[in-house]
Every structure is written in structure tokens, then in C-alpha cells.
Amino acid sequence: MTVKLVYFAWVRERIGRQEEDLDLPASVVTVRDLLTHLTTLGEEYENALQFPDVIRVAINQEHAEHDEPIAGAREIGIFPPMTGG
Amino acid sequence: MTAPTIRVQSTDFDLQAEISALTAGRKNVGAVVTFTGLCRDEQGALSALELEHYPGMAEAEMFRIGELAIDRFSLLGLTAIHRFGKIMPGENIVLVIAAAPHRQAAFDGANFVMDFLKTSAPFWKKEHAADGSQGDWIAAKDADDTARDKWR
């Protein structure tokens, strides 16, 4: 499955890119699987996602829990806790 | 049910114009509460804030929060505007306006929207230090989660 990943704030800075299309292996089922998979792609991903519990994820622009399946996702946003307002 | 007015923009907003737009032609509004969030200079340590957002999701999430507030507090109108980009100390960042027949619903509605906006709308603040050094991303506060959770 190919999915568009978009990164924000310090996740974007640490990974070093704003977005990318990624082909995911079938073993990546949940949001948590995706975060684990990404950390295997290189030091910059490991650095950005070394504390996965603080990382927030949105599937098709809606907040998603880490145990949610990513099936059907066109766009997955990965970012730190929000600090707007 | 009325739909919230949501905008995400780099430019400033005009508080009075937004209140007028929300109440124009209405005779059932008895209370309007507004909240404006501004950029502080942190006792001179900060020269600017850089506001990053997730385009599309920011608007969608603010709309979802606005709908929840209208439904929960029976608001007659709700406007939420959030700026992005570089914002200097003293400038506006965010505006929430809640209109209701009575004051309690308007106060609660505006408060609710701000509590959820801070914790679920995809915006991030980066500090620019007054000494020219590259600042840090502002860390999320537990107090903001606590403020949100009191509405559950």
C-alpha cells in the first residue's frame, strides 16, 4: 500500500522533509506498526520518532489512536502534540 | 443548527467586524463572548512566534470543535479564526466569538472551543529568541490537557 506521509513541526525538521509517498509492507497494520516501521528507515526517522508515545497521528486529516488500523489511508500526518491557541 | 465560521489565515483579524458579522440581522442574541489570544514577548526574551499548521486538517478540526460547542451549549453563532506564519509580540494569534441567548452559554462555549483548540487543532508554535538565536518548539502543557478533560 502506498500512502502519502506529511510531517509537521519538529518531526518535520528531524526527518528533514515535509512529505513523501511511501510504499508500506503488508506487516504494517496499525498506526503503531507504521511508527515502528519508520524508525527502521534511517537515523533521521529514529531521531524524530524515538519516543513514539508522544507522537500524534492523523489519518486522512482526522486524529487517530496508535492502535487504529491504517487501512484505507490516503494521507497520514505525523506530528508532535499541538501547541496552538 | 447553525454552522461555525472558521478561518485559518496569515493576516490579522478585526474583532469588531467579526462580532458584527456574527450578530448582524439577529434579534435573539443576548450575549456575545470573545476571546483573543496574543503573542507575548516573555519579558523581552522573545522576538516572534512562528505558527505552523496542517492545512486542511486545521480548518476541519476547528470546524469539528465549533460544531461540538454549538451543539453542546446551544450557541446561536460561533466564529473561530487562527493565524499562522510569523507573529510578533503584541499581535493577535487567535479569536473565538460565541453568541448565545444568555451569558453562561456564551462564556462556556468560548472557553470550550479554546480548550479543545489548544489540544486538538493542528498548530505548533516555534519561538524566535530576541538575541537572534534559533528558538525551540514550544512544548505542550499538561495543564492544557487537564483544561480540556474537565469538559468530559
Side-chain angles (χ1 to χ4, degrees), chain A residues 2-22 30-32 34-35 38 43-85, chain B residues 6 8 35-40 49-65 68 80-85 87 92-96 110-127 134-145 147-148:
Chain A
T2 302
V3 67
K4 179 185 179 187
L5 299 179
V6 287
Y7 310 119
F8 295 95
W10 52 256
V11 171
R12 169 180 58 73
E13 287 184 345
R14 289 179 192 178
I15 289 176
R17 64 194 70 164
Q18 201 159 359
E19 60 175 72
E20 61 187 324
D21 290 320
L22 219 59
T30 64
V31 166
R32 189 173 291 115
L34 171 65
L35 295 176
L38 288 174
E43 213 174 298
E44 64 273 31
Y45 292 90
E46 219 179 319
N47 183 26
L49 307 171
Q50 57 182 325
F51 302 110
D53 288 352
V54 309
I55 299 295
R56 306 299 169 93
V57 173
I59 297 177
N60 301 336
Q61 305 200 346
E62 282 196 49
H63 291 297
E65 299 296 333
H66 284 198
D67 58 2
E68 273 182 51
I70 61 167
R74 299 178 302 277
E75 179 177 301
I76 299 181
I78 302 179
F79 41 82
M82 291 141 282
T83 56
Chain B
I6 302 298
V8 176
F35 172 84
T36 309
L38 291 82
C39 175
R40 288 183 303 266
L49 280 178
E50 190 83 38
L51 265 288
E52 181 169 331
H53 75 297
Y54 187 162
M57 182 176 170
E59 291 87 342
E61 192 61 26
M62 286 170 69
F63 195 86
R64 282 191 280 269
I65 295 167
L68 282 176
I81 302 173
H82 205 303
R83 293 181 64 195
F84 64 89
I87 296 180
N92 294 324
I93 298 174
V94 61
L95 173 68
V96 172
N111 200 13
F112 175 96
V113 168
M114 276 310 300
D115 283 343
F116 277 83
L117 209 148
K118 285 192 90 79
T119 50
S120 2
F123 290 88
W124 301 271
K125 292 193 186 101
K126 188 177 198 175
E127 296 179 319
Q134 174 85 309
D136 282 328
W137 291 96
I138 290 180
K141 295 189 195 77
D142 289 342
D144 290 334
D145 287 336
R148 177 201 58 206

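Only this structure's heavy atoms are used, side chains among them; waters, hydrogens and symmetry mates stay out. Proteins come first, then strands; the chains are lettered A, B, ... in the order of their sequence lines, and each starts at number 1.
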Among residues 78-85 of chain A, which residues come closer than 4.5 Å to chain B, judged by heavy atom distances?
A/F79, A/P80, A/P81, A/M82, A/T83, A/G84, A/G85
Segment of B/A139 engaging chain A (4.5 angstrom heavy-atom cut-off)
backbone
Using non-hydrogen atoms and a 4.5 Å limit, figure out which bit of A/E13 sits close to chain B: side chain, backbone, both or neither.
side chain
Highest number of heavy-atom pairs under 4.5 Å with chain A among B/A58, B/A140, B/S120, B/A80 belongs to B/S120
A/Q18 atom CD, neighbour heavy-atom count above 12 within 6.0 Å:
no
Going by residue number, which parts of residues 65-75 of chain A are within reach of chain B, meaning a heavy-atom gap below 4.5 Å?
A/E75
B/E59 CD to A/Q61 CD distance, which is reported to the nearest 0.5 Å
8.5 Å
Measure across B/H53 and A/F8 and return the closest heavy-atom pair with its distance rounded to 0.1 Å.
O-CE2, 3.4 Å
Surrounding CG of A/D21 (heavy atoms of other residues, nucleotides or ligands, distance under 6.0 Å), is the total greater than 12?
yes
Heavy-atom closest contact (A/A58 atom, B/Y54 atom, distance):
CB-CE1, 4.4 Å
Would you mind checking which part of B/K126 comes under 4.5 Å of any heavy atom in chain A, side chain (CB onward), backbone (N, CA, C, O), both or neither?
side chain
For A/V54, is it the side chain, the backbone, both or neither that has a heavy atom under 4.5 Å from a heavy atom of chain B?
neither
At a heavy-atom distance under 4.5 Å, which candidate from B/W124, B/F35, B/F123 has the highest pair count against chain A?
B/W124
Report which part of B/R64 has an atom under 4.5 Å of a heavy atom belonging to chain A: side chain, backbone, both, or neither.
side chain
